[in-house]
2 protein chains.
Amino acid sequence: MEDVTVEGILYAFSNPVRIRIYAELAVAECAQICSAYRDIAGVKLPKSTLSQHFAILRETGLIRSERKGTELHNETRCEELEKRFGPMIDSIIDAYIAQNARSRKVIQKKKRK
Amino acid sequence: MEDVTVEGILYAFSNPVRIRIYAELAVAECAQICSAYRDIAGVKLPKSTLSQHFAILRETGLIRSERKGTELHNETRCEELEKRFGPMIDSIIDAYIAQNARSRKVIQKKKRK
DNA sequence: TCAAAAGTTCTGTTATTACGAACTATATAC
DNA sequence: GTATATAGTTCGTAATAACAGAACTTTTGA
């Protein structure tokens, strides 16, 4: 938690899949990759891709993962994060949820001009 | 401002140079690229690189740029942004400033094993 | 011990980033 | 007008990182 940085967190959240995963974890408190493909906001993603997204969230310090049998259970580190970064993460997720309430659109890759 | 997204903003801020520029703009309300090289938190950057960072901040919707003679004057779009995203951006910049108050270290490229 | 399910690592391809060089735009001097 | 200087953008390319299929590892349960 010492070398968790603001920039690192923002980078992790800058990916549509990762912020969605975190937002789901923030509500569900537990989720796993499951099976070969999993649906994240209307997009089926291969487990290798999801594995890497979870790894980035983990390395960034946003989530904690624990092995339960063959599965991996994930949860946010929200208490520590709030202690360290104040209301930042909550306000990000709030804005993200509000945004998706306005426009019900599917995750898509970023495209710049 | 319609197609400004949470992910887009977080992506823009995930770069150490860009979040620093925005944080400076949030205080100074005006800054320009200036001369060939400019010092951003202890790193000299070529103007081409800075130009692109400013362009990303602009395209993301975080800043507004106006030509004043040969110079470009930049300022944050904080009022509109706060209306749209609530306390998100302020809490990010607050956390960023607090982080840099704790550890006085120079901007460095992200390295992930 | 074999098979199945859950994840991770490896690998080639594709897309992004960084920065020097070349280019554009504005202002001031001659 | 032409020249020159300053501010900033675009282009080209080499280094970096992301994506996803294939192969591998780990745990469980028959």
Side-chain angles (χ1 to χ4, degrees), chain A residues 5 7-21 24-25 28 30-60 63-75 106-113, chain B residues 7-8 10-21 24-25 28 30-60 63-75 106-113:
Chain A
T5 65
E7 295 94 314
I9 291 174
L10 300 184
Y11 168 74
F13 282 160
S14 72
N15 179 287
V17 173
R18 288 193 296 261
I19 193 171
R20 166 70 60 139
I21 289 171
E24 286 182 8
L25 282 180
C30 190
Q32 64 255 29
I33 292 176
C34 295
S35 66
Y37 289 85
R38 181 175 158 203
D39 192 273
I40 299 283
V43 185
K44 289 224 177 300
L45 291 174
K47 59 180 182 172
S48 64
T49 300
L50 284 173
S51 175
Q52 298 196 88
H53 283 312
F54 273 95
I56 287 172
L57 288 169
R58 203 178 304 124
E59 288 165 19
T60 303
I63 68 171
R64 175 185 4 238
S65 304
E66 198 183 342
R67 178 139 221 158
K68 291 267 173 61
T70 66
E71 299 181 345
L72 207 63
H73 283 227
N74 304 284
E75 57 180 8
V106 145
I107 285 177
Q108 47 192 319
K109 298 196 175 187
K110 81 180 161 192
K111 48 198 166 196
R112 215 162 50 241
K113 68 152 171 308
Chain B
E7 295 95 315
L10 302 184
Y11 167 74
F13 282 160
S14 72
N15 180 288
V17 174
R18 288 193 296 261
I19 193 170
R20 165 72 60 141
I21 290 171
E24 285 182 7
L25 281 181
C30 188
Q32 63 255 28
I33 294 176
C34 295
S35 66
Y37 289 85
R38 182 175 158 202
D39 193 272
I40 298 283
V43 186
K44 290 225 177 297
L45 291 174
K47 60 181 181 170
S48 64
T49 301
L50 284 173
S51 174
Q52 298 197 95
H53 283 312
F54 274 96
I56 287 172
L57 288 169
R58 203 178 305 125
E59 289 165 19
T60 304
I63 69 170
R64 173 186 5 238
S65 304
E66 198 183 345
R67 179 139 221 160
K68 292 263 173 65
T70 67
E71 300 182 344
L72 207 63
H73 282 228
N74 304 284
E75 58 180 6
V106 146
I107 285 176
Q108 47 191 320
K109 298 196 174 188
K110 81 181 161 190
K111 48 196 166 197
R112 213 162 54 241
K113 67 152 169 311

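Residue numbering restarts at 1 for every chain, and letters A, B, ... go by the order of the sequence lines.
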Value in whole Å for how far the C1' atom of dC19(D) lies from CD1 of Ile56(A)
11 Å

Both His53(A) and Thr70(A) contact DNA chain D. Taking the nearest nucleotide for each, which residue is further toward the 5' end?
His53(A)

Rounded distance in Å - CD (Glu66(A)) to P (dA6(C)):
18 Å

OP1 or OP2 of dA20(D) sitting under 4.0 Å from any side-chain N/O of Thr49(A)?
yes

Taking the side chain of Glu71(B) as its heavy atoms from C-beta onward, which of dA23(D), dA22(D), dG8(D) lies nearest to it?
dG8(D)

The side chain of Pro46(A) is closest to which nucleotide in this list: dA20(D), dG7(C), dA18(C)?
dA20(D)

Length of the line joining His73(A):NE2 and dG7(C):P, which is rounded to integer Å
8 Å

Distance check needed: dT16(C) P versus Gln52(B) CD, whole Å only.
13 Å

State whether a side-chain donor-acceptor pair under 3.5 Å links Glu75(A) with His73(A).
no

Could you check whether any side-chain heavy atom of Leu72(B) comes within less than 4.5 Å of a side-chain heavy atom of Arg58(B), counting everything from C-beta outward?
yes

Taking atom NE2 of His53(A) and atom CD1 of Ile21(A), what is their separation to the nearest 0.5 Å?
6.5 Å

Most 5' of Arg67(A) and Arg58(B) on DNA chain D, judged by nearest nucleotide
Arg58(B)

Rounded distance in Å - NZ (Lys47(A)) to P (dT26(D)):
14 Å

If you check the Ser51(B) side chain, which of dG7(C), dA20(D), dT9(D) turns out closest?
dT9(D)

Whole-Å distance between dG7(C) P and Leu57(A) CG?
14 Å

When rounded to the nearest 0.5 angstrom, what distance separates CG in Leu10(B) from CD1 in Ile19(B)?
9.5 Å

What's the spacing between Phe13(A) CZ and Leu57(A) CG if we round to 0.5 Å?
7.0 Å

Output the rounded distance in Å from CD (Glu59(A)) to P (dT8(C)).
11 Å

Could you tell me how far apart Leu72(B) (CG) and dT9(D) (P) are, to the nearest whole angstrom?
6 Å

The residue, Asn15(B) or Gly69(B), whose nearest nucleotide of DNA chain C is more 5′ is Asn15(B)

Looking across every strand, which nucleic acid part, if any, lies under 4.0 Å from Arg18(A) by heavy atom: base, sugar-phosphate, or nothing?
nothing

